[in-house]
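Whatever order the structure lists ligands and atoms in, that order sets their numbers, starting from 1.
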Amino acid sequence: MCGIIGFTGKKEAQDILLDGLASLEYRGYDSAGISYFKDTGKISIRKTVGKVADLRAICDDENNSTCGIGHTRWATHGGVTNANAHPHKSGKVSLIHNGIIENYHELVETYDLKDQLISETDTEVAAALFNKLYDGNPEAAIQKAVKLFRGSFAFCILFKDQPGTIYAVRNVSPMVATYCEDGSFIASDLTAFIAYSKRYFIVPEYHILTLTEKGIVLKDLEGKEVTPEYLEVSWDVTAAQKEGYPHYMLKEIHEQPAALTRTIAPRIKDQLPDFSEDNIPDSLFEHCTDITIVACGTAMYAGTVGRTFIQSTLHLPVTVSIASEFRYEEPVITENSMVIVVSQSGETIDTLEALRLAKKYTKKTLAIVNVKGSTIARESNYVLYTHAGPEIAVASTKAYTVQIASFYLLACKLGLVLGRIDEKSAREFIGMLQKTPDSIETILKQAESVEHLTKRMIHAQDAFFIGRGLDYTLSMEGALKLKEISYIHAEAYAAGELKHGTIALISEGVPVIAVATQKHVYSKVISNIREVKARGAYVILLSKDEKITDKSICNVHIRLPETPDAFTIFDSVVIFQLIAYYASIGKGFNPDQPRNLAKSVTVE
Ligand code: M6R
């Protein structure tokens, strides 16, 4: 949570910081601020509650500073107020922070900082501590301070008597940096400076960075200089822009066919799954007795699809754990268990901690991750990168579909290695997976009709998503999408479970979005749908049937393409995403920035 950026170089910093913050806004949008060196050598701060646009409005048009830092906040400690907004200032220090200093109360007591604090934040305590330890040598102050902090942090720090220089240090919370012809950049992620450089390096934990107009010096905590390991991305600034779409979310929904092709194609050789370029050996799958999938939110729901599919096709026990629960529920993992963690950002702290725990039991850990070089990707024994490209909208869309495609590829490989499927069926399966991008294209052509049907939904207080088997797992994601961006209370139910309590909530006009695509349970789902319809529900049914005119089943029928049962979820979820998107804009909300949320959750 929280986005941070720093720039020092030959250009004016203010626009670089504000534009960078705008691209980091998905990390938090409670308040925003910048601080920069004025030509008098003083540090000036501008900050405000609200979004980056609000900050831009109070910034000085004449600001020609070439060195500054900027922050967009997702509140953890203290409410959404100007005083709690970053940057914070204490004596000679001005800083921005992403993360949580867990022992900040203790530090206030031990270092007698109370009188210097005006906000409720842990960050201001850190600023006061840096200031207290500072005697003219920034590196020495940082070395001492970081040994005292408990928790996660990415700091960018300005010292008043070090004009033109930004210092930075991190633990857990991500930070990347680069030096290019315009100067030195540092940020929470690459999207903030991709317009200037496709080259970057991941800031190593507990190393001190000194950024100046002339370059970046990286040192470990003993003061030994270290050479940064530069990486290069294949995407450019346009991938992180809206490209004519009104919102990132809609753009990302439409990017799914391309994202799927990018994720699937490099893993297929001779029409069979092949992970040699990912350095994932077949031995990872050999002797695998069971699988535990761990993730949060949408990634966890993708895992639920993975579980249902793998368990039913390979007859291998698979469990799914919510990452924040996993560590506290005594997981049963042996050396032959495979643990798959799933994360778009690769930085979700609960998922990361779950991975760390899993590694104590098994070497068979595999991460399905979208962001290259992220912490989860680096710490997992094996990584399968999804190639969705940057996902900026807070509501995950394309990341989910490529995660499912990754599970399907893994399932196919696992089945072959364990001898549970033969090559002929594996080839057929891969052939069907390759068709998913085209099938989604067909669905996207119906986007306008989905917009039309959401008009009925925007006045609803509650909505229900029901289905059985894979359709049920998918419904969980449908409900999450709708509630997180339209604020309509939505729940997913296994269609057969409704009558055990929840059906009491169905009354006249309550929208029920039902999915009936799985042949083996089709007639049972239809019966369950009739049950809610008989109680007044407004039923929107997704199925592969040519036409459903029976008014005792549904009010609206959306016909899905005739794809095999295991693959219809790719089509259905796109409809769900569009329903959520249009419900959100129909209610006048910004689907890219739903209230109270942030894209990557780096607090436990
Ligand atoms: O980056 P991650 O995939 O680890 O994020 C996990 C969840 O926070 C995330 O999937 C969240 O549920 C979605 N943004 C919701 O749309």
Side-chain angles (χ1 to χ4, degrees), residues 1 3 24-29 74 98 172-174 188-189 191 247-250 252-253 256 259 293-306 320-326 340-356 367-380 383-386 388-404 406-407 474 476-487 490 492 573-574 576-581 583-584 589-604:
M1 350 286 279
L24 291 174
E25 212 166 19
Y26 69 89
R27 302 179 69 90
Y29 30 83
W74 187 80
N98 173 28
V172 183
S173 304
S188 301
D189 88 46
T191 51
H247 298 101
Y248 283 112
M249 184 179 174
L250 190 60
E252 289 160 8
I253 289 173
Q256 290 178 105
I293 298 168
V294 194
C296 301
T298 291
M300 192 262 296
Y301 291 141
T304 312
V305 174
V320 177
S321 278
I322 297 172
S324 54
E325 293 293 313
F326 178 77
I340 304 179
V341 296
V342 193
S343 176
Q344 187 283 128
S345 61
E347 299 297 345
T348 300
I349 192 78
D350 286 318
T351 310
L352 174 63
E353 291 297 347
L355 169 67
R356 288 175 176 164
I368 299 177
V369 172
N370 194 41
V371 177
K372 207 172 164 192
S374 55
T375 313
I376 291 175
R378 281 181 285 123
E379 293 201 14
S380 178
V383 191
L384 185 63
Y385 281 113
T386 51
E391 193 181 63
I392 311 280
V394 166
S396 196
T397 53
K398 59 179 178 172
Y400 174 79
T401 38
V402 293
Q403 285 160 357
I404 293 175
S406 305
F407 272 113
L474 178 77
M476 298 185 214
E477 174 59 6
L480 173 61
K481 279 298 83 91
L482 185 66
K483 64 189 147 195
E484 75 176 319
I485 60 171
S486 76
Y487 317 143
V573 79
V574 176
F576 287 174
Q577 294 164 351
L578 290 167
I579 288 177
Y581 172 78
S584 173
F589 301 130
N590 176 356
D592 285 345
Q593 295 180 346
R595 68 184 176 213
N596 304 337
L597 293 177
K599 182 84 181 151
S600 47
V601 183
T602 51
V603 291
E604 287 180 60

Is Thr298 close to Lys481 at the side-chain level, that is, under 4.5 Å between some pair of heavy atoms?
yes
min-distance protein heavy atom vs atom 16 (O) of ligand 1 -> Glu484 OE2, 2.5 Å
Give the atom numbers and elements of ligand 1 that come within less than 4.0 Å of a heavy atom of Ala299.
3 (O), 10 (O)
What part of Glu347, side chain, backbone, both or neither, has a heavy atom within less than 4.0 angstrom of ligand 1?
neither
If you scan protein heavy atoms around atom 9 (C) of ligand 1, the nearest is Thr298 N, 4.0 Å
Near Lys372 NZ, under 6.0 Å, is it more than 12 heavy atoms from other residues, nucleotides or ligands?
no
Atom 6 (C) of ligand 1 [closest protein heavy-atom partner, distance rounded to 0.1 Å]
Cys296 O, 3.4 Å
Full working for side chain to side chain contact (heavy atoms under 4.5 Å, CB included) between Phe326 and Val341:
CA-CA 11 Å; Phe326 178 77; Val341 296; over 6 Å; no
Considering heavy atoms of the protein only, find what lies nearest to atom 8 (O) of ligand 1 and give residue, atom and distance to 0.1 Å.
Val601 CG2, 4.2 Å
Could you check whether Thr397 and Gln577, counting side-chain N and O atoms only, form a donor-acceptor pair closer than 3.5 Å?
no
Atom 1 (O) of ligand 1 sits nearest the protein heavy atom Ser345 OG, 2.6 Å
Side-chain H-bond candidate by donor/acceptor type, Glu391 with Ser396, under 3.5 Å:
yes
Identify the protein heavy atom lying closest to atom 14 (N) of ligand 1, giving its residue, its atom name and the separation to 0.1 Å.
Val394 O, 2.8 Å
Please write down residue, atom name and distance for the protein heavy atom closest to atom 5 (O) of ligand 1.
Thr348 OG1, 3.4 Å
Counting from 1, what ligand 1 atoms have a heavy atom of Lys481 closer than 4.0 Å?
16 (O)
For the backbone of Gly346 and the side chain of Asn370, can you confirm whether one donor and one acceptor N or O come within less than 3.5 Å of each other?
no
Proximal atoms of ligand 1 relative to Ala395 (non-hydrogen, under 4.0 Å):
16 (O)
Testing the 3.5 Å rule here: is there a donor-acceptor pair between the side chains of Thr386 and Gln403?
no
Parallel under 30°, tilted from 30 to 60°, perpendicular over 60°: which one fits the rings of Phe589 and Tyr487?
tilted
Checking a contact table here: which protein heavy atom is nearest atom 3 (O) of ligand 1, and how many Å away?
Gln344 N, 2.7 Å
